[in-house]
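Note: hydrogens, waters and symmetry copies are ignored here, and every other heavy atom, side chains too, is used.
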Amino acid sequence: MNIFAAFILCSAFMVLSVTGVSRNLPILSFDEGYSHLFGDSNLMVLKDGKSVHLSLDDRTGSGFVSQDIYLHGYFSASIKLPADYTAGVVVAFYMSNGDMYEKNHDEIDFEFLGNIRGKDWRIQTNIYGNGSTSVGREERYGLWFDPSEDFHQYSLLWTHNLIVFYVDNVPIREIKRTETMGGDFPSKPMSLYATIWDGSDWATNGGKYRVNYKYAPYISEFSNFVLHGCAVDPTDHTTNNCANFPQTAASQPAGPTQNQRSKMSSFRNKYMQYSYCYDRSRYKSPPTECVVDPKEAERLRGFDPVTFGGGRRPRRGRRHHRGKSASSM
């Protein structure tokens, strides 16, 4: 599982071993690709111009947004997450067009969910298309490293019929467009965002553990920005030029290679903690776009037999309270 991603900086270009072949993709400074979104002084661009700190304190979180909007492409950043007690903290690296399409927006999400001391960060991925927020397509995973100790690369590949999430060039999730998904597959131009914010109501154990501001500021660090996509005219959102945007071997990954698929399978069988495709409490049968893997299903049933096995949650304490009436229990 431990993949080495070779980074060679030369003339502001990055060589990425994404599909087994070196690809030259430009690394941008912050001001070349992004703008301040919110958080005032909680967003700090470092002196080199290529690294950014986003912080959360008891006043506000912070965030930035791409200057362009894109239809398809490959988008990446190296991220280092806050350490120690981070329950309730959410760091997000995602694409969205919610500001342009309030009622039918698209979204592609990396969300990093903090935890109590001694427990690991988790990653959640999700997609929405055409405002399909009522259909949750979440997956959550652990990691094979501590994301607060060093920078790691997180990447999104988005094409007309494919979305792939990468961690350190290992694909962890692939979503293929199917006819039955219809507009649920993201298909409209989106901006890229990075934010840190207080998700106490849901992020850690369903809101059981909340942000504790005595540990603030919580600082997330970003660098190595790659925005390799078809930029769309922001005034009329025309996408005519995107038909000729290169999406093949010379410019960006076309999708996981066979070797990467093997690594993705290994990752999912070892680190996946939740997938909507196997959630029997939400869906009696998997949504049509799901490809059910017996090994993934077996792992998740062992992880949570009630959610993923379709069984009932046992009533704790029944053995010790036999003499009590139902009304007193």
For this session: Please name the residue in the list L56, I79, V52 that meets the side chain to side chain contact (heavy atoms under 4.5 Å, CB included) test with S220.
Result: I79
Exercise. With Y128, which of D106, D184, D109, I108 fulfils side chain to side chain contact (heavy atoms under 4.5 Å, CB included)?
Worked result: D109
[X] and [Y]: aromatic ring centres closer than 6.0 Å?
{"X": "F64", "Y": "F222", "answer": "yes"}
{"X": "Y154", "Y": "F165", "answer": "no"}
{"X": "F308", "Y": "Y274", "answer": "yes"}

Please determine, by modelled atom types, if [X] and [Y] share a side-chain donor-acceptor pair under 3.5 angstrom.
{"X": "D146", "Y": "S148", "answer": "yes"}
{"X": "Q124", "Y": "R140", "answer": "yes"}
{"X": "N42", "Y": "S62", "answer": "no"}
{"X": "D198", "Y": "S200", "answer": "yes"}
{"X": "D279", "Y": "S281", "answer": "yes"}
{"X": "E296", "Y": "Y278", "answer": "yes"}
{"X": "K188", "Y": "N130", "answer": "yes"}
{"X": "D168", "Y": "Y166", "answer": "no"}
{"X": "S51", "Y": "S223", "answer": "no"}
{"X": "S155", "Y": "Q153", "answer": "yes"}
{"X": "Y271", "Y": "R299", "answer": "no"}
{"X": "N161", "Y": "T159", "answer": "yes"}

Residue pair [X] / [Y]: nearest heavy atoms and the distance that separates them:
{"X": "N126", "Y": "E138", "answer": "ND2-CG, 3.3 Å"}
{"X": "R59", "Y": "S41", "answer": "NH2-OG, 3.8 Å"}
{"X": "V91", "Y": "P82", "answer": "CG2-CD, 4.4 Å"}
{"X": "R122", "Y": "A203", "answer": "NH2-O, 3.2 Å"}
{"X": "P186", "Y": "I127", "answer": "CD-CD1, 4.0 Å"}
{"X": "I69", "Y": "S191", "answer": "CG2-OG, 3.0 Å"}

For this session: Determine, step by step, whether V226 and Y74 satisfy the side chain to side chain contact (heavy atoms under 4.5 Å, CB included) criterion, reporting the C-alpha distance in whole Å, the side-chain angles of both residues, the deciding distance to 0.1 Å, and the verdict.
Result: CA-CA 8 Å; V226 175; Y74 179 80; 4.2 Å; yes
Less than 4.0 Å between a side-chain N and a carboxylate O, is that true for [Y] and [X]?
{"X": "K50", "Y": "D48", "answer": "no"}
{"X": "R210", "Y": "D201", "answer": "yes"}
{"X": "E289", "Y": "R177", "answer": "no"}

Does any N or O in the side chain of [X] come within less than 3.5 Å of the main-chain N or O of [Y], such that one atom is a donor and the other an acceptor?
{"X": "N205", "Y": "G207", "value": "no"}
{"X": "N259", "Y": "S262", "value": "no"}
{"X": "E174", "Y": "G255", "value": "no"}
{"X": "S132", "Y": "G129", "value": "yes"}
{"X": "W158", "Y": "G229", "value": "no"}

Does any part of the side chain of [Y], heavy atoms only, come nearer than 4.5 Å to the side chain of [X], both counted from C-beta?
{"X": "I172", "Y": "F110", "value": "yes"}
{"X": "L192", "Y": "Y34", "value": "yes"}
{"X": "W197", "Y": "Y218", "value": "no"}

For this session: Report yes or no: do Y276 and I123 belong to one cluster of Ile/Leu/Val/Met/Phe/Trp/Tyr joined by side chain heavy-atom distances under 4.5 Å?
Result: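 Yes.
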Exercise. What about I219 and I196, same hydrophobic cluster or not, with Ile/Leu/Val/Met/Phe/Trp/Tyr joined at side-chain heavy-atom distances under 4.5 Å?
Worked result: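 No: no chain of side-chain contacts under 4.5 Å links I219 to I196.
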For this session: Please assess M44 against E221 for the test side chain to side chain contact (heavy atoms under 4.5 Å, CB included), listing each intermediate value before the final yes or no.
Result: CA-CA 10 Å; M44 182 175 67; E221 304 173 50; over 6 Å; no
For this session: Check step by step if side chain to side chain contact (heavy atoms under 4.5 Å, CB included) holds for H53 and L46.
Result: CA-CA 8 Å; H53 287 181; L46 302 191; 3.8 Å; yes
Exercise. Should Y193 and F93 be marked as a ring-ring contact (aromatic ring centres under 6.0 Å, His included) after you check the CA-CA gap, both sets of side-chain angles, and the distance that decides it?
Worked result: CA-CA 6 Å; Y193 294 84; F93 181 61; over 10 Å; no
Exercise. Stepwise, does the salt bridge (charged side-chain N to carboxylate O under 4.0 Å, His left out) test hold for E139 with R268?
Worked result: CA-CA 10 Å; E139 288 192 348; R268 294 174 66 83; 2.8 Å; yes
Exercise. So does E32 have more than 12 non-hydrogen atoms from other groups sitting under 6.0 Å from CD?
Worked result: yes
Exercise. Sequence neighbours excluded, which residues qualify as ring-ring contact (aromatic ring centres under 6.0 Å, His included) partners of Y70?
Worked result: F75
Exercise. Does the pair E107 and M95 meet the rule for a side chain to side chain contact (heavy atoms under 4.5 Å, CB included), with working shown?
Worked result: CA-CA 5 Å; E107 205 165 299; M95 303 192 76; over 6 Å; no
